[in-house]
Amino acid sequence: MKNLVVIISHCNSDPKLEALRNLISKIKQKDLDVMVVTHIPLPKDIQDSVEYMVYDKSNPMLYWPEYGNMCWLSPQEGIKMLNVIPEHGWTVYNQIINAGNLGMGLSYTHFTFVNYDTIITEEMFETIKNPGDFVVSEQIIGEGGVVQRIPTLWFNIFSKENLKKLLSL
């Protein structure tokens, strides 16, 4: 099994660049290959520290009706939309598509997707080293005994076969 760690990034500040450098270093210490995906140019030292770099300067925006961030005025008086603003939420999916398309031509059996600011634990490294074919991180939220599990994009692993299926969607 050969697993490529793909780092999704939006590093437009020095603290974010430092978080990315630290994550790359931690992953490389575990003898894992790294791909960084970005739509912002990254410094040469970061480019030189990874096996693959995908740069796509597009940072697609979604507009109403595909996406809207709605703000509401007092629900007690009746719901009134104040505004709908554009959103960069598609960018992360665009980065996964770009990384996945490149990855299909590489000799990896699995692909681990993480955000640049993810803190990877030893347990997560064990999962990377011994991946399942479909691993999805989740956020657990809830109040009053009601718990919801919401899938996240913080840490996910796909076999090459499952990534191919995902890309076709």
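Sequential numbering from 1 along the given sequence is applied to the chain's residues.
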Next on the checklist: For Tyr108 and Asp33: C-alpha separation, side-chain torsions, deciding distance, then whether side-chain hydrogen bond (donor to acceptor under 3.5 Å, both in side chains) applies.
Outcome noted: CA-CA 10 Å; Tyr108 296 92; Asp33 291 349; 2.5 Å; yes
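- The structure places CD1 of Ile120 at 12.0 Å from CG of Asn22, a figure rounded to the nearest 0.5 Å.
- Under a hydrophobic clustering in which Ile, Leu, Val, Met, Phe, Trp and Tyr are joined whenever their side-chain heavy atoms come within less than 4.5 Å, directly or via other members, Leu23 and Val50 fall into the same cluster.
- Between the side chain of Thr109 and the backbone N or O of Lys2, at least one donor-acceptor pair lies under 3.5 Å.
- With hydrogens and angles ignored, the 3.5 Å screen pairs no side-chain donor or acceptor of Lys164 with any backbone N or O of Met104.
- Within the structure, salt bridge (charged side-chain N to carboxylate O under 4.0 Å, His left out) pairs that include any residue of residues 36-55 comprise Arg21-Asp45, Lys28-Glu51, Lys44-Asp48 (at least two apart or interchain).
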Checklist entry - Given His39 and His10, is the side chain to side chain contact (heavy atoms under 4.5 Å, CB included) satisfied, shown in steps? => result CA-CA 7 Å; His39 53 263; His10 179 86; 2.9 Å; yes
Checklist entry - What do the steps show when you test Thr38 against Asp56 for side chain to side chain contact (heavy atoms under 4.5 Å, CB included), and what is the final call? => result CA-CA 6 Å; Thr38 181; Asp56 173 8; over 6 Å; no
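- Note: the hydrophobic cluster containing Met35 also contains Ile8 (ILVMFWY, side chain heavy atoms under 4.5 Å, direct or indirect links).
- Between the side chains of Lys16 and Asn12, a donor-acceptor pair is found at a separation under 3.5 Å.
- Tyr52 and Val37 end up in the same hydrophobic cluster when Ile, Leu, Val, Met, Phe, Trp and Tyr side chains are linked at under 4.5 Å.
- Using cut-offs of 30° and 60° on the angle between ring planes, the pair Phe134 and Phe158 is tilted.
- Ser9 places no side-chain N or O within 3.5 Å of a backbone atom of Cys11 that could act as its donor or acceptor partner.
- Put simply, Phe125 and Val34 are part of the same group of oily side chains (I, L, V, M, F, W, Y) that touch within less than 4.5 Å, one to the next.
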Checklist entry - So Asn115 and Ile7, side chain to side chain contact (heavy atoms under 4.5 Å, CB included) or not? Walk me through it. => result CA-CA 6 Å; Asn115 288 342; Ile7 302 174; over 6 Å; no
Checklist entry - For Phe111 and Asn156, what are the C-alpha separation, side-chain angles and deciding distance, and is it a side chain to side chain contact (heavy atoms under 4.5 Å, CB included)? => result CA-CA 8 Å; Phe111 299 85; Asn156 297 286; over 6 Å; no
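- In this structure, Gln47 contributes its side chain and Leu42 its backbone to a donor-acceptor pair below 3.5 Å.
- At a threshold of 4.5 Å between side-chain heavy atoms, the hydrophobic network of Ile, Leu, Val, Met, Phe, Trp and Tyr places Ile97 and Tyr116 in two separate groups.
- A distance-only check finds a donor-acceptor pair linking the side chain of Asn162 to the backbone of Asp133 [under 3.5 Å].
- Other residues, nucleotides and ligands contribute only 12 or fewer heavy atoms inside 6.0 Å of the CD atom of Glu161.
- The OG1 atom of Thr127 sits 11.5 Å away from atom NE2 of His110, with the distance rounded to the nearest 0.5 Å.
- Panel note: side chain Ser137, backbone Phe155; a donor-acceptor pair is recorded below 3.5 Å.
- Environment of CD1 in Ile119: sparse, with no more than 12 heavy atoms of neighbouring residues, nucleotides or ligands closer than 6.0 Å.
- Applying the salt bridge (charged side-chain N to carboxylate O under 4.0 Å, His left out) test to every pair with at least one member in residues 104-123, sequence neighbours left out, gives these pairs: Lys30-Glu122.
- In this structure, the side chains of Phe113 and Ile157 stay at 4.5 Å or more apart for every pair of heavy atoms.
- Annotation: Tyr55, atom OH; neighbour count of heavy atoms from other residues, nucleotides and ligands within 6.0 Å is above 12.
- Using a 4.5 Å heavy-atom cutoff, the side chains of Ile40 and Lys57 are not in contact.
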